[in-house]
Structures are given as structure tokens and as C-alpha cells.
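I have placed the structure first, in the form of C-alpha cells, so that the comments after it can refer back to it.
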Amino acid sequence: TSGWRLECDRTLAPPELSAQVISELELARLAGDADEALAAGDYERARELYVALLERAPRHPALTLRIAEIDRYCFERTEAALATLREGMPLEQAGGLAGELLAMAGERDMAHEVLTRAAEAESFPPLSALLFLEASRAHDEPVDRLDDLDRAIARAPALAAARWARFETRLALRDFRGAMADLEHIEAATRGPAARHEVFRRAGETFLAQGHDAQAVAIFERALRYAPESPRAVAGLAKSLLAMGRKERALELLARAIELS
């Protein structure tokens with residue numbers, strides 16, 4: 001017979017833990033009851049416990065974030081959440097939450113600054129891209145959004161949300177070549193006839209909503225190649241033709257859309 005024997009060398013020192021790991025372990029031990037209340041859906045109780053812990057560990061960033069998130073997402077207390085963040089940590093450290101709250105409070109310039117700093121500091125490319133995307137929404141004018149959207153796509157070229165945002169922005173600026181380039185990227189990254197139909201249907205509706213009727217016709221026709229009996233695409237094509245003055249054909253297509261639906 002044969003077997004294995006495990007021997008431990010007790011002279012070796014245990015592995016050293018990083019400061020971040022030690023901090024997370026301490027937080028888990030400190031906030032165990034509050035975390036359990038939060039997981040159970042008892043948000044008021046969880047908030048009370050986190051606030052009590054914050055009195056023992058003032059300006060603790062993780063506790064500050066959890067209180068602010070409860071106020072924002074569970075109780076819709078925008079001003080309270082923003083006040084908690086401002087008192088407890090640098091706003092850019094709170095990332096997207098701080099930017100969202102600032103924008104809701106009407107402080108759009110500050111929201112853009114905070115989101116941009118957070119995006120630049122974020123090492124995970126898709127999350128950095130999402131922060132740049134959120135920063136772009138702090139601008140009212142399409143031309144002001146482009147730089148943030150370019151940076152978002154540079155960080156994560158396959159992120160569909162950023163591609164769609166830049167497509168819509170370029171379309172608003174009548175940059176048809178750039179908009180079509182983004183649409184082609186989205187199409188190339190999409191698999192299956194149903195999904196590609198949805199891409200072109202959505203794009204067609206965007207063209208139509210922005211008053212580009214002739215281009216909308218061509219896009220809806222491409223959508224119908226993938227799903228010939230889609231009532232929404234047929235109706236979209238009908239609306240585009242109607243906007244161009246082709247009433248007879250548009251009415252025929254509207255009747256067809258009603259029949260299909």
C-alpha cells in the first residue's frame with residue numbers, strides 16, 4: 001500500500017496580507033449585522049447600523065458609500081445622499097454615484113468634472129468607458145459630448161452603449177458618415193438575424209426622430225431584410241415615406257403593419 005503524508009513547516013511565517021485585504025476583512029467584521037440587514041431588504045435598519053458604525057469610524061469611505069447608496073436607490077433621497085458623500089469622502093472617489101447625484105441636483109459642470117476624474121482614474125476599461133459615457137450626458141449640446149464619447153470608445157471599443165450614444169450624437173450633428181461608421185461597428189458586433197434586425201430598427205427610428213426621412217427609409221428597409229414581417233419596422237418605413245410625401249405607399253404599409261400586429 002501507499003499513501004500521502006502532509007507535513008507543515010511551522011517555522012515559516014504566514015503570508016503577509018496587503019493593506020487593502022486587511023481593510024476589507026476589518027470592514028466585513030465591523031459591518032456584518034448591517035450587511036445582513038441590507039441583504040434581507042431591511043434598508044432602514046441597515047442604514048441605522050451603518051450610521052452608527054460611521055460614528056465609530058468617521059469618514060470611512062465604504063460606510064459612506066453604502067449609506068449614500070441606500071438613500072439614493074432605496075429611498076430616493078438625492079440631497080441626503082449627496083450631503084453624505086460630500087461630508088465623508090472626495091466626490092471623485094464615489095465615481096458614478098457622485099456624478100449622478102450632482103447631475104440630479106443641477107450641478108452639471110461639477111458632475112462632469114467628477115465623472116471625468118473618476119473615469120481617468122479607473123483601471124478597468126469597460127467601467128472607465130461607462131464613466132466617460134455618463135460624463136457626456138452632463139452636456140446639453142451634442143458637439144460638447146463628442147470628446148467624452150470618443151474617450152469612452154477608445155477605452156472600450158466593443159461597448160455598445162457608447163457606440164449607440166456616439167451614433168445618435170453624430171446624427172444630431174448631421175455627420176452621416178461618422179454615424180454610419182458607428183452603426184456598422186454595432187452591426188458587426190451583433191450576431192443573429194433577430195438581433196441585427198433590432199439594430200437597424202432602432203437606428204431607423206433614430207434617423208426618423210431626428211428628421212432624416214430619406215436615410216430612415218434605407219435603414220428600415222435593411223431592418224426588414226432580417227425580419228420581413230416586423231410590424232414596427234413596416235410602420236417605421238411607412239412613417240418615413242409619409243414624411244417624404246409618399247402618402248399612398250405609406251398608407252398601404254400602415255395597413256400592412258396593422259395586419260401584422
Taking every heavy atom of A238 against every heavy atom of A250, the minimum-distance pair comes out as O-CB, 3.4 Å
All salt bridge (Lys or Arg N to Asp or Glu O under 4.0 Å) counterparts of E198, not counting sequence neighbours: R201
Would you list the pairs meeting ring-ring contact (aromatic ring centres under 6.0 Å, His included) in which at least one residue belongs to residues 52-85, sequence neighbours left out? none
Are any of the side-chain heavy atoms of V51 and E48 separated by less than 4.5 Å? no
State which residues pass salt bridge (Lys or Arg N to Asp or Glu O under 4.0 Å) with D109; sequence neighbours excluded, sorted by chain then number. none
Write down the atom of A156, the atom of P126, and the distance for their closest heavy-atom approach. CB-CA, 4.0 Å
Mind checking what makes salt bridge (Lys or Arg N to Asp or Glu O under 4.0 Å) contact with R77, not counting sequence neighbours? E44, D71
Could you list all the side-chain hydrogen bond (donor to acceptor under 3.5 Å, both in side chains) pairs where at least one residue sits in residues 159-168, not counting sequence neighbours? D150-R166, R163-D182, R166-D182
Output yes when a side-chain donor or acceptor of R86 lies under 3.5 Å from a complementary backbone atom of L91, and no otherwise. no
Passes side-chain contact (heavy atoms from CB on, under 4.5 Å), R222 versus H197? Steps please. CA-CA 8 Å; R222 291 179 70 175; H197 162 75; over 6 Å; no
Who pairs with P193 by side chain to side chain contact (heavy atoms under 4.5 Å, CB included), at least two apart in sequence or on another chain? Y226
Measure the shortest side-chain to side-chain distance between E100 and M104 over non-hydrogen atoms and say whether it is less than 4.5 angstrom. yes
Restricting to side chain to side chain contact (heavy atoms under 4.5 Å, CB included), what partner residues turn up for A119, sequence neighbours left out? S128, L131, F132
Within-4.5 Å side-chain heavy-atom neighbours: L27 and L63: yes
Hey, are E134 and R137 close enough for a salt bridge, meaning a charged N less than 4.0 Å from a carboxylate O? yes
Under the side chain to side chain contact (heavy atoms under 4.5 Å, CB included) rule, collect the residues that match up with F176, sequence neighbours excluded. L171, R174, F207, H212, Q215
Residue pairs, two or more places apart or on separate chains, that pass salt bridge (Lys or Arg N to Asp or Glu O under 4.0 Å) and touch residues 112-128: E92-R117, E113-R117, E120-R151
Are F167 and F200 linked, directly or through other ILVMFWY residues, by side chains that come within less than 4.5 angstrom of each other? yes
Taking salt bridge (Lys or Arg N to Asp or Glu O under 4.0 Å) as the test, write out the residues that go with E259, two or more places apart. R256
Let me have the donor-acceptor pairs involving side chains of residues 29-39, under 3.5 Å, with sequence neighbours excluded, atom names and distances please.
unit_1: D35; atom_1: OD1; unit_2: Y50; atom_2: OH; d: 2.4
unit_1: D35; atom_1: OD1; unit_2: R66; atom_2: NH1; d: 2.6
unit_1: D35; atom_1: OD2; unit_2: R66; atom_2: NH1; d: 3.3

Can you find a pair of side-chain heavy atoms, one from D148 and one from L115, that are under 4.5 Å apart? no
Is the closest side-chain heavy-atom distance between L133 and S136 below 4.5 Å? yes
Under a 3.5 Å distance rule, please check whether R108 uses its side chain to pair with a backbone N or O of A105 as donor and acceptor. no
How about T64 and T84: do any of their side-chain heavy atoms sit closer than 4.5 Å? yes
Is the shortest heavy-atom distance from the side chain of M89 to the side chain of L65 under 4.5 Å? yes
Using modelled atom types only, decide if a donor and an acceptor are shared between the side chain of E107 and the backbone of L102 within a distance under 3.5 Å. no
Say whether Y43 and L53 are linked into one hydrophobic cluster, either directly or through other cluster members, by side-chain heavy-atom distances under 4.5 angstrom. yes
How many angstroms lie between NE2 in H139 and OG1 in T169, if you round to the nearest 0.5 Å? 11.0 Å
Taking all atoms of both residues into account, what is the closest heavy-atom pair of P231 and S261, and its distance? CB-CB, 3.9 Å
Might you point out which heavy atoms bring Q93 and P61 nearest each other, and give the distance in Å? NE2-CB, 3.6 Å
Got a sec, which residues hit side chain to side chain contact (heavy atoms under 4.5 Å, CB included) with R249, two or more places apart in sequence or on another chain? L241, E252, L253
Grouping I, L, V, M, F, W and Y whenever their side-chain heavy atoms are under 4.5 Å apart, do L101 and V114 come out in a common cluster? yes
Between L130 and I153, is there shared hydrophobic-cluster membership here, with clusters defined by ILVMFWY side-chain heavy atoms closer than 4.5 Å? no
How close do A129 and R155 get, counting heavy atoms only, and between which atoms? CB-CB, 4.1 Å
Side-chain heavy-atom pair M244, L242 within 4.5 angstrom cut-off: no
Applying the 4.5 Å side-chain criterion to the ILVMFWY set and letting contacts propagate, would F220 and L260 be lumped into a single cluster? yes
Distance in Å, L54 CG paired with I67 CD1, rounded so as to fall on 0.5 Å steps: 4.5 Å
side-chain contact (heavy atoms from CB on, under 4.5 Å) for V21 and L25? Distances and angles first, verdict last. CA-CA 6 Å; V21 171; L25 290 172; 4.0 Å; yes
Is E187 paired with R225 through a side-chain N to carboxylate O contact shorter than 4.0 Å? no
Heavy atoms of I219 and G204 approach each other most closely as CG2-N, 3.3 Å
Is the CE atom of M110 crowded by more than 12 outside heavy atoms at less than 6.0 Å? no
